[in-house]
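One-based numbering, in listed order, for ligands and for the atoms of each.
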Amino acid sequence: MNFYGRTRKSAINPQTELYGHPLQFYGQPPLENISLTEFETFAVERLKLLKTVETLGVSYVKLSEVYIKKLDHEFKNLNFPYKAEAGDRKSQSGPSEYEKRRKDHISHFILRLAYCQTEDLRRWFIQQEVDLFRYRFNDLHPKLKLEFLHKNNLQYDAITVEEKRVLQEKLVNSSYTVSGITVENHDFYKVPFQDALDLVRTRKVYLKAGYVYIPHQDIVTIVLNDFRTRLSKALALTARSLPAVHSDERLQPLLNHLSNAYLGQDYSIQKNVGKISLEQIDSLSAKSFPLCMRQLHQALRENHHLRHGGRMQYGLFLKGIGLSLEQALQFWRSEFIRGKVDADKFDKAYAYSIRHMFGKEGKRTDYTPYSCMKVILSNPPSQGDHHGCPFRHSDPELLKQKLQLYKVSPSGISQILELVKGMHYQLACQKYFELTHNVEDANFSLNHPNQYFVESQNVLGGGKDIKREMDTPRRSQGNNSAARNSAATQEKAAVNTSESQDCSEITEDLDSYFQDA
Ligand code: SF4
């Protein structure tokens, strides 16, 4: 893969200059050729990192001790530049610092391509990248911070000890973060006032002769604002070049997959077939189904029908929890014929599509249940539809009523709605899990409705068979499963990526068999 469509021949490797500092504003795109495998691995691993940033940012106070500790762990695990190390020093094991910085750089640009496509994706990407940047900037040694500022044309100089002594009183009076005792220990930066209008407007800094004197804590705010603005503009520019990128048939499916990315188990392998009886579904839907599936089940029972999107989402979920083809046919048939569809019509119009879903017709492909990202980001429900993610697609007032109906406590509802407001839909669902299962910490990172089901069964102790059969690698590995990727897990994620990529094409094909609405 050549990012520019050409290689640059130069006596001095431009990358050496680019990776001279542990942190960058990602101003220059990568210039080198990389393989598609590396392209995919880098992208998947950065996505894991950003997902951890998102989860930690909601679960803990940003930059608190535990937040930093967990993020440190993730950095080390995924081989991203962790703590500033000098130059190309080879670590005892694993890639060198240079290789880590290269991965940081390239992976950022790949995700830019994937996440510039819609407003929602751009917003999510910017938020996580800014949080990541904050953590990394904060972690830099003061000398490296200054180097970073100068390297990026932010000519802010730390004032000398002498200057600080002269201005001490003014600095203390104008900044609420420093006192007379601590002023000596703080670095102050002299910055043109137009670069710090927010701080000037709120009278948080000392202003003299066109310059403001900003304590270290506040310089982070300015750098972050700058980073956010640059990234936002860059994403808008990247979006304009999308038609060209989409014309590359190797890249388009990869990028689409990344923006709908799900990095875990795909729940397509039916090791647990037949472990669930049809009689159990009603009670399981109340106890162990995530809200999206509970809603679909309820709508099906009430209306004796589900439209196309609902049948796809719910049908594949049921298959993933262990319904056999025979059970699925019986389940859908018995429900539909209670409504307006007679047995004959069902056999003609619907049975084929259910067999197709199980890989018994057409291309005979074993279809994959939808991940949360797919449910959240694609095919939003319209009137009369019941599919989608209630945390993403329901009106907050309706969601509130539904949660009240399901006996979620008022304080729990407030917490969920707060997460929804911040667009953390999967975390809101995870909170719903904790509240309805009476556990303090779900201890997994939710990415898939079928994962919700398995975890629920584990907690309720009713999934012993399912537990043995279904792989749940995330649970034993601590709070943020995305963080815990052994080499084997990474390999699996990469495999899943390509499998799901195929599946997205195939699912579209499958869609055509369901067009009766
Ligand atoms: Fe379903 Fe995932 Fe939404 Fe939960 S977050 S309701 S599992 S789509």
Novice: Can Asp104 and Lys100 be counted as an ion pair, charged N to O under 4.0 angstrom?
Specialist: no
Novice: With 2.8 Å as the limit, jot down which protein N, O or S atoms are around atom 1 (Fe) of ligand 1.
Specialist: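 Within the sphere that stays under 2.8 Å of atom 1 (Fe) of ligand 1, the protein atoms of type N, O or S are Cys292 SG.
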Novice: Quick test of your reading of the model: are Lys103 and Glu45 salt-bridged, counting only N-O distances below 4.0 Å?
Specialist: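 Yes, charged N to carboxylate O under 4.0 Å.
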Novice: Would a distance-only check, ignoring hydrogens and angles, find a side-chain to backbone donor-acceptor pair under 3.5 Å from His304 to Ala299?
Specialist: no
Novice: Using every non-hydrogen atom in the two residues, find where His297 and Ser285 come nearest and quote the distance to one decimal.
Specialist: CD2-OG, 3.4 Å
Novice: Do NZ/NE/NH1/NH2 and the carboxylate oxygens of Arg112 and Glu129 come within less than 4.0 Å?
Specialist: no
Novice: Please tabulate, for the side chains in residues 407-420, all donor-acceptor contacts under 3.5 angstrom to protein atoms that are two or more places apart in sequence or on a different chain.
Specialist:
residue, atom, partner, partner atom, Å
Ser409, OG, Gly412, N, 3.1
Ser414, OG, Pro410, O, 3.0
Gln415, OE1, Lys431, NZ, 3.3

